[in-house]
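Quick one: the structure is below, questions incoming.
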Amino acid sequence: MAVRTGNTRYQAWSLNAQAASLRLRGDYPNALDHYLRCKRILEQRNDQRRLAVIHSNLGEVLHELGEQERSMQHYDSESCHQ
């Protein structure tokens, strides 16, 4: 419904919730995809507070996938320090 109505706020919330569920189930590749899609929407919305949370989540998922360097890039992201 959020996509049909163009409500990007709820699109981001939905993607984040889906990503969290996937992450809890250990489906890190799909969680990563959902978090990245959410990140793009939040960047378009310039929602810095939620972007900080997404960067942290991305860092955790990438760590679980064994991608430590990419993981650290998200933890070091300027969004995480605001």
Find out whether Glu69 and Met72 are in side-chain contact, i.e. whether some heavy atom of one side chain is under 4.5 Å from a heavy atom of the other. no
Is there a path of hydrophobic side-chain contacts, each under 4.5 Å between heavy atoms of I/L/V/M/F/W/Y residues, joining Leu62 to Leu15?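 In one cluster with Leu15: Leu62, no.
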Decide yes or no for Leu22 and Asp33: does some side-chain heavy atom of the first lie under 4.5 Å from some side-chain heavy atom of the second? no
So, taking the atom named CG in Asn7 and the one named OG in Ser14, what distance separates them when rounded to the nearest 0.5 Å?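 Between Asn7 CG and Ser14 OG, I get 10.5 Å after rounding to 0.5 Å.
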Out of the candidates Glu60, His34, Gln18, only one should pair with Arg23 under the side chain to side chain contact (heavy atoms under 4.5 Å, CB included) rule; please name it. Glu60
Does the side chain of Asn46 reach to within under 4.5 Å of the side chain of Gln44, using non-hydrogen atoms? no
State, to 0.1 Å, how close Ala31 and Ala19 come at their nearest heavy-atom pair, and which atoms those are.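 Ala31 and Ala19 have their closest heavy atoms at CB-O, 3.6 Å.
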Provide the closest heavy-atom pair for Ala12 versus Cys38 in the form atom of the first, atom of the second, distance.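 That closest heavy-atom pairing would be O-SG, 3.3 Å.
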Honestly curious: do Tyr35 and Tyr28 fall in one hydrophobic cluster under the side-chain, below-4.5 Å linking rule? yes
What about Leu32 and Ile41, same hydrophobic cluster or not, with Ile/Leu/Val/Met/Phe/Trp/Tyr joined at side-chain heavy-atom distances under 4.5 Å?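 No, separate clusters.
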Single-linkage hydrophobic cluster Ile54~Leu65, side-chain heavy atoms < 4.5 angstrom: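 Same cluster.
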Would a 4.5 Å heavy-atom cut-off, applied to side chains only, mark Lys39 and His55 as touching?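 When only atoms from C-beta onward are counted, His55 and Lys39 do touch, with a gap below 4.5 Å.
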In the single-linkage hydrophobic clustering (I, L, V, M, F, W, Y; side-chain heavy atoms under 4.5 Å), do Leu42 and Tyr10 co-cluster? no
